[in-house]
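Residue numbers start at 1 and run along the sequence shown.
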Amino acid sequence: MKKTTATSAGGIIINTKSKKILLVKQYIGNWSFPKGHQEKDEELLDTAQREIFEETGLNNLKVIKTLGSFDRLSSNTPPEEKTIHLFLFETNTKKTRPITTDIKRSKWFKIKKIPKKLHHDEDKKFFTENLENILR
């Protein structure tokens, strides 16, 4: 992949009660982890928390750890190259409500269904390769 032109941050959120993981359905129909573009002078964790709030309405998250990053193309037209940084979060809140109009809905899924739901192969690969780290 060429030089990255954008930086994105977000999270893999586990519900402490149901042990399910939250995904968001974008306006174009793709399921993904809640995430978004980093603003100027914003720390990655701040970006992740802001974007998660905008896309899910959740703001009572417990930060567990940094999971890492990976590069991929966005779903935008034209696609842009970006680096996605993901953090692991926990919450006991079940109800979500997207604030932004970019997200159609958010939904909790069983862990085994996550790879099948994710649209981008790079997202699936990151999740699968980090599953043991996510579940610790």
Just do the side chain to side chain contact (heavy atoms under 4.5 Å, CB included) check on F87 and Q49 with the steps written out, would you?
-> CA-CA 9 Å; F87 297 85; Q49 290 172 317; over 6 Å; no
Distance (rounded to the nearest 0.5 Å) between E54 CD and I52 CD1 | 11.0 Å
Residues E39, R50: salt bridge by 4.0 Å N-O rule = yes
Just how far is it from atom CZ of F127 to atom CD of E129, taken to the nearest 0.5 Å?
-> 12.0 Å
Flag side-chain contact, heavy atom, 4.5 Å: I99 against R97 = yes
Are I84 and L73 in one and the same hydrophobic cluster, where Ile, Leu, Val, Met, Phe, Trp and Tyr link if side-chain heavy atoms are under 4.5 Å apart?
-> no
Are any of the side-chain heavy atoms of D123 and W31 separated by less than 4.5 Å?
-> no
Where do E80 and H37 land on the side-chain hydrogen bond (donor to acceptor under 3.5 Å, both in side chains) test, with the steps shown first?
-> CA-CA 12 Å; E80 70 178 334; H37 289 286; 3.0 Å; yes
List the steps and the verdict of side chain to side chain contact (heavy atoms under 4.5 Å, CB included) for T96 and L22.
-> CA-CA 9 Å; T96 62; L22 188 64; 3.9 Å; yes
For the atom pair CD1 (I103) and OH (Y27), what is the distance rounded to the nearest 0.5 Å?
-> 9.0 Å
Please say whether more than 12 non-hydrogen atoms of neighbouring residues, nucleotides or ligands are located less than 6.0 Å from NZ in K62.
-> no
Do S32 and Q26 meet the criterion of a side-chain donor-acceptor pair at a distance under 3.5 Å?
-> yes
Looking just at side-chain N and O atoms, do T47 and E42 make a donor-acceptor pair shorter than 3.5 Å?
-> yes
Do any N or O atoms from the side chain of N15 and from the backbone of T93 form a donor-acceptor pair under 3.5 angstrom?
-> yes
Would you sort out whether V24 and D102 count as a side chain to side chain contact (heavy atoms under 4.5 Å, CB included), showing the intermediate values?
-> CA-CA 10 Å; V24 294; D102 291 344; over 6 Å; no
Give a yes or no on whether the backbone of G68 and the side-chain of T66 come within a donor-acceptor separation of less than 3.5 Å.
-> no
Roughly how far apart are L131 CG and I114 CD1, rounded to 0.5 Å?
-> 10.0 Å
CD-OG1 distance between E51 and T56, expressed to the nearest 0.5 angstrom = 10.5 Å
Report the C-alpha distance between I13 and W108 in whole Å, list the side-chain angles of each, state the deciding distance to 0.1 Å, and finish with yes or no for side chain to side chain contact (heavy atoms under 4.5 Å, CB included).
-> CA-CA 9 Å; I13 306 163; W108 296 100; 3.9 Å; yes
Should F33 and L86 count as side-chain neighbours, where that means a heavy-atom distance under 4.5 Å?
-> yes
Would you indicate whether K104, at its atom NZ, is surrounded by more than 12 heavy atoms from other residues, nucleotides or ligands within a distance under 6.0 Å?
-> yes
Does a side-chain N-to-carboxylate-O contact under 4.0 Å join D71 and K82?
-> no
